[in-house]
Amino acid sequence: MGRPRKGSFDQATRARVLQAAELQFGEHGYRDARLEDIAAAAGIRRPSLLYHFGSKQQLYELVVQHAFAQIRAALELGMAHGGSFAERLDSTIDELVTFETTHRPLMSVVLRELVDPRGQAAATVAAEFVVVVDALEQFVVAARGDALGDLPVRAAIMQLIMGHLS
């Protein structure tokens, strides 16, 4: 039997692989997660996984990118909520906390990468984390403006996020 066709890897299979990878990387970390376990959980074989995702490193990077895409979507959903600044802030926090509690393994991956500068996706996480913090900072400053005075908004946001995650 030959290799599967490049286009034969459907979106449902891709989603299963990413979900299985999130669970394995979240539970075991990059180093101890096994591609065989990820493939088995997704219902495919390891060679097929490698054919479509290239390497463990590439799959891990995709998991991290997927995590931050979902975090940004939760953030945007919360900030788009109507009402006063307080209501919008509450909605934003609710969306982010809901995401965090329903995606624990994924948040484990993100937290590991945030605290370990030698992590496999540290550069990606650092860049993606800056985008999230920038969006939150712009949201708070735009809504509250002068009422904040000399409050270091960015530092406060980062401290709140890291305190919550840890």
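Because the structure is a prediction, the values reported are computed rather than measured. What you see below is based on every heavy atom in this structure, not just the backbone, and it leaves out hydrogens, waters and symmetry mates.
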Do Q24 and Y30 get their side chains close enough for a donor-acceptor pair, meaning under 3.5 Å? no
Say whether, by atom type as modelled, one donor and one acceptor occur between the side chain of K56 and the main chain of A33 under 3.5 angstrom. yes
d(T102 OG1, Q70 CD) to nearest 0.5 Å is 8.5 Å
Drop me the distance from T13's OG1 to L18's CG, to the nearest 0.5 angstrom. 11.0 Å
Verify, without hydrogens or angle tests, whether R88 (side chain) and M79 (backbone) share a donor-acceptor contact under 3.5 angstrom. yes
Output yes when a side-chain donor or acceptor of S91 lies under 3.5 Å from a complementary backbone atom of H81, and no otherwise. no
Determine whether Y60 and V109 satisfy the following criterion, side chain to side chain contact (heavy atoms under 4.5 Å, CB included), listing intermediate values before the conclusion. CA-CA 9 Å; Y60 189 71; V109 169; 3.5 Å; yes
So, the side chain of Q57 versus the backbone of Q120: is there a donor-acceptor pair under 3.5 Å, distance only? yes
OG1-CD distance between T124 and E61, expressed to the nearest 0.5 angstrom: 3.5 Å
Can you confirm if the aromatic rings of F139 and F85 lie within a centre distance of less than 6.0 Å? yes
Give a yes or no answer on whether the side chain of T101 reaches the backbone of V97 with a donor-acceptor pair at less than 3.5 Å. yes
Roughly how far apart are E113 CD and F25 CZ, rounded to 0.5 Å? 10.0 Å
Shortest non-hydrogen contact from L50 to S55? CD2-CA, 3.8 Å
Walk me through whether H52 and I44 qualify under side chain to side chain contact (heavy atoms under 4.5 Å, CB included). CA-CA 11 Å; H52 290 284; I44 62 173; over 6 Å; no
Rounded to the nearest 0.5 Å, how far apart are CG of D37 and CD of E27? 9.5 Å
Closest heavy-atom contact between R45 and A39? C-CB, 3.7 Å
Point-to-point distance, once rounded to the nearest 0.5 Å, from CE of M162 to CG of L114: 5.0 Å
Test your reading of the model: is there a side-chain donor-acceptor pair from H66 to the backbone of L62, 3.5 Å cut-off? no
